[in-house]
Amino acid sequence: GNGYRTKYALPNKLPLVSLIILTRDNLPVLKRCIKSILNKTSYSNYEILIVDNSSVVPGMIKYFKEVQKNSCIRVIHTDTPLNASALNNRAAAVAKGDLVCLLSDDIDVISIGWLEEMVSLALQDNAGAIGARLLYPNGTIRHAGIILGLGKDRVAGYSHIKGSKSAFGYFGRSTLMQSVSAVTAACLVISKDIYMDVGGFNEDELGVDFNDVDFCLRVRAAGYRNTWTPFAELYHEDSSLCGYQDDSEKRARFEAEVAYMQQTWGDLLLADPA
């Protein structure tokens with residue numbers, strides 16, 4: 001080993017966690033995701049909020065009817081233009097949990113105790129957003145925390161991406177729990193109170209890209225500590241809700257979001273404190 005792991009005890013009465021999953025016309029993937037949560041999550045006190053954004057595939061509607069027979073699952077239907085930030089905020093507003101967990105619909109659980117691990121960290125003093133270790137289906141690293149200033153746009157990028165999951169990484173950082181500036185919303189746990197206090201996700205300027213980075217930076221600016229843990233492990237294939245605009249529209253939106261991040265966060269992006 002190359003470090004220590006702290007395990008925090010959970011309270012006897014487990015807090016309710018609201019799992020928020022955005023989806024659109026992605027039936028086999030969503031089915032696998034929900035099945036994997038129900039079958040492979042040892043944490044018992046959670047509800048699932050599926051936010052359906054204008055699905056039209058015939059099987060989807062039938063599946064939504066079927067899946068809501070499970071008392072812990074609710075489906076919220078929206079037909080607004082794609083804006084992941086607005087969809088997350090809408091679900092968080094009606095979430096009954098003390099904690100919210102944002103999840104991509106292409107997540108597949110690996111470690112049965114993933115939610116215990118993330119919740120136990122989210123309940124610590126000054127804890128902000130908690131992120132998980134996400135792997136590509138081939139077992140290489142997809143997400144080990146987000147580092148500011150990476151990428152050709154110098155906004156942010158994923159740490160240790162495509163690295164071997166058995167490698168220690170830079171100074172052991174792909175295998176150690178650590179403070180980070182930001183984590184991906186593909187799997188993020190945070191207290192609902194903090195989510196609301198910082199104003200949720202930015203719907204106006206960041207509908208799709210960097211909304212999680214901006215959110216985490218606002219959580220950090222409010223005095224909380226964002227944490228990444230390798231002991232909550234899940235597969236994450238590829239973002240499935242974002243491929244719906246044509247290229248020129250997508251590029252223009254992306255450039256506007258890059259500009260917003262640079263104007264808003266400025267020098268912090270080039271000097272990640274973590």
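Just so you know, residue 1 is the first one in the sequence shown, and it goes up from there. For the numbers below, each heavy atom of this structure counts, side chains included, while hydrogens, waters and symmetry mates do not. Because the structure is predicted, anything quoted here is derived from the model rather than measured.
Residues Arg220 and Arg225 fail the side-chain proximity criterion, which asks for heavy atoms closer than 4.5 Å. For the pair Val17/Val100, no side-chain contact is recorded, criterion being any heavy-atom separation below 4.5 Å from C-beta on. In this structure the side chain of Leu123 reaches within 4.5 angstrom of the side chain of Pro11, judged on heavy atoms. Side-chain contact between Leu134 and Thr184 is present, with heavy atoms from C-beta onward closer than 4.5 Å. A 4.5 Å side-chain heavy-atom check between Leu19 and Leu115 finds at least one atom pair inside the cut-off. A heavy-atom distance below 4.5 Å is not found between the side chains of Leu22 and Asn53. Contact check for Val155 versus Glu257: no side-chain heavy atoms found under the 4.5 Å cut-off. Residues Arg90 and Thr78 form a side-chain contact, since some pair of their non-hydrogen atoms from C-beta on lies under 4.5 Å apart.
Defined by atom type and a distance below 3.5 Å, a donor-acceptor pair is present between the side-chain atoms of Asp52 and Ser55. The closest side-chain donor-acceptor pair between Ser181 and Asp272 falls under 3.5 angstrom. A donor-acceptor pair shorter than 3.5 Å cannot be found between the side chains of Asp79 and Ser54. Side-chain contact annotation: Ser42 with Glu116, donor-acceptor N/O pair under 3.5 Å present. Ser104 and Asp106 form a side-chain donor-acceptor contact under 3.5 Å, judged by distance and modelled atom types alone. Between the side chains of Asn88 and Tyr195, no donor-acceptor pair is found at a separation under 3.5 Å.
Between Gly97 and Ser18, the closest heavy-atom pair is N-OG, 2.8 Å. When all heavy atoms of Glu203 and Ser85 are compared, the pair lying nearest together is CA-CB, 3.8 Å. For the pair Leu103 and Cys187, the tightest heavy-atom approach, listed with the atom from each and the gap, is CD2-SG, 3.7 Å. When every heavy atom of Asp153 is checked against every heavy atom of Gln262, the shortest pair comes out as O-NE2, 2.9 Å. The two residues Ala84 and Asn211 come nearest to each other via the heavy atoms CB-ND2, 4.1 Å. Here the closest non-hydrogen pair linking Gly145 and Val180 is CA-CG1, 4.4 Å.
The aromatic rings of His77 and Phe64 sit perpendicular to each other, their planes meeting at more than 60°, with 30° as the lower class boundary.
A donor-acceptor pair under 3.5 Å is formed between the side chain of Ser174 and the backbone N or O of Ala167. Judged by distance alone, the side chain of Asn89 and the main-chain N or O of Gly200 form no donor-acceptor pair under 3.5 Å. Panel note: side chain Ser164, backbone Ser166; a donor-acceptor pair is recorded below 3.5 Å. Distance alone, capped at 3.5 Å, is enough to place a donor-acceptor pair between the Gln178 side chain and the Arg173 backbone. With hydrogens and angles ignored, the 3.5 Å screen pairs a side-chain donor or acceptor of Thr264 with a backbone N or O of Tyr260. A donor-acceptor contact shorter than 3.5 Å links the side chain of Glu47 to the backbone of Lys96. In this structure a side-chain-to-backbone donor-acceptor pair under 3.5 Å is missing from Trp265 to Asp214.
One finds a salt bridge joining Lys40 and Asp108 here, because a Lys/Arg side-chain nitrogen approaches an Asp/Glu carboxylate oxygen to under 4.0 Å. Between Asp98 and Lys192 no salt bridge is recorded (no basic side-chain N to carboxylate O distance below 4.0 Å). Contact check on Arg5 versus Glu117 returns a salt bridge, with a Lys/Arg side-chain nitrogen under 4.0 Å from an Asp/Glu carboxylate oxygen.
Applying the side-chain contact (heavy atoms from CB on, under 4.5 Å) test between Arg142 and each of Glu237, Arg133, His236 identifies His236 as the sole match. Applying the side-chain contact (heavy atoms from CB on, under 4.5 Å) test between Tyr158 and each of Ile146, Val183, Ile147 identifies Ile146 as the sole match. Of the options Gln68, Lys62, Lys69, a side-chain hydrogen bond (donor to acceptor under 3.5 Å, both in side chains) to Glu66 is made by Lys69 and by none of the others.
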For this session: Evaluate side-chain contact (heavy atoms from CB on, under 4.5 Å) for Thr23 paired with Met60, printing each intermediate quantity in order.
Result: CA-CA 10 Å; Thr23 197; Met60 288 298 274; 4.2 Å; yes

For this session: Verify side-chain contact (heavy atoms from CB on, under 4.5 Å) between Met177 and Trp228, making sure each step is shown before the conclusion.
Result: CA-CA 6 Å; Met177 194 189 293; Trp228 176 80; over 6 Å; no

Problem set entry | Evaluation steps, salt bridge (charged side-chain N to carboxylate O under 4.0 Å, His left out), between Arg253 and Asp209 | CA-CA 9 Å; Arg253 187 207 70 226; Asp209 291 298; 2.7 Å; yes

For this session: Report the C-alpha separation of Lys31 and Val29 in whole Å, then their side-chain angles, then the decisive distance to 0.1 Å, and conclude whether the side-chain contact (heavy atoms from CB on, under 4.5 Å) test is met.
Result: CA-CA 5 Å; Lys31 262 183 167 167; Val29 169; over 6 Å; no

Problem set entry | Arg154 and Leu270: CA distance, side-chain angles, deciding distance, side-chain contact (heavy atoms from CB on, under 4.5 Å) verdict | CA-CA 7 Å; Arg154 306 295 296 275; Leu270 303 181; 3.8 Å; yes

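In terms of hydrophobic clustering, with Ile, Leu, Val, Met, Phe, Trp and Tyr side chains grouped at heavy-atom distances under 4.5 Å, Val57 and Ile50 are assigned to a common cluster. Under the 4.5 Å side-chain heavy-atom criterion for ILVMFWY residues, a single connected hydrophobic cluster contains both Leu14 and Trp114. If you chain together hydrophobic residues whose side chains sit under 4.5 Å apart, Val109 and Leu38 fall into the same group. With hydrophobic clusters built from ILVMFWY side chains whose heavy atoms lie under 4.5 angstrom apart, Ile161 shares a cluster with Leu269. Residues Phe231 and Leu10 share a single hydrophobic cluster, defined by chaining ILVMFWY side chains whose heavy atoms lie under 4.5 Å apart.
Atom CG of Leu234 sits about 8.5 Å away from atom CG of Leu135, to the nearest 0.5 Å. The line from CD1 of Ile190 to CG of Leu102 is 8.5 Å long, rounded to the nearest 0.5 Å. If you take CZ on Phe201 and CG on Asp212, they are separated by 6.0 Å, rounding to the nearest 0.5 Å. Atom CZ of Arg24 sits about 8.5 Å away from atom CG of Leu87, to the nearest 0.5 Å. Rounding to the nearest 0.5 Å places CD1 of Ile73 at 8.0 Å from CD1 of Ile21. Rounded to the nearest 0.5 angstrom, Asn202 CG and Asn83 CG are separated by 9.0 Å.
Around atom CG of Asn138, more than 12 heavy atoms belonging to other residues, nucleotides or ligands sit under 6.0 Å away.
The ring of Phe210 has its center closer than 6.0 angstrom to the ring center of Phe254.
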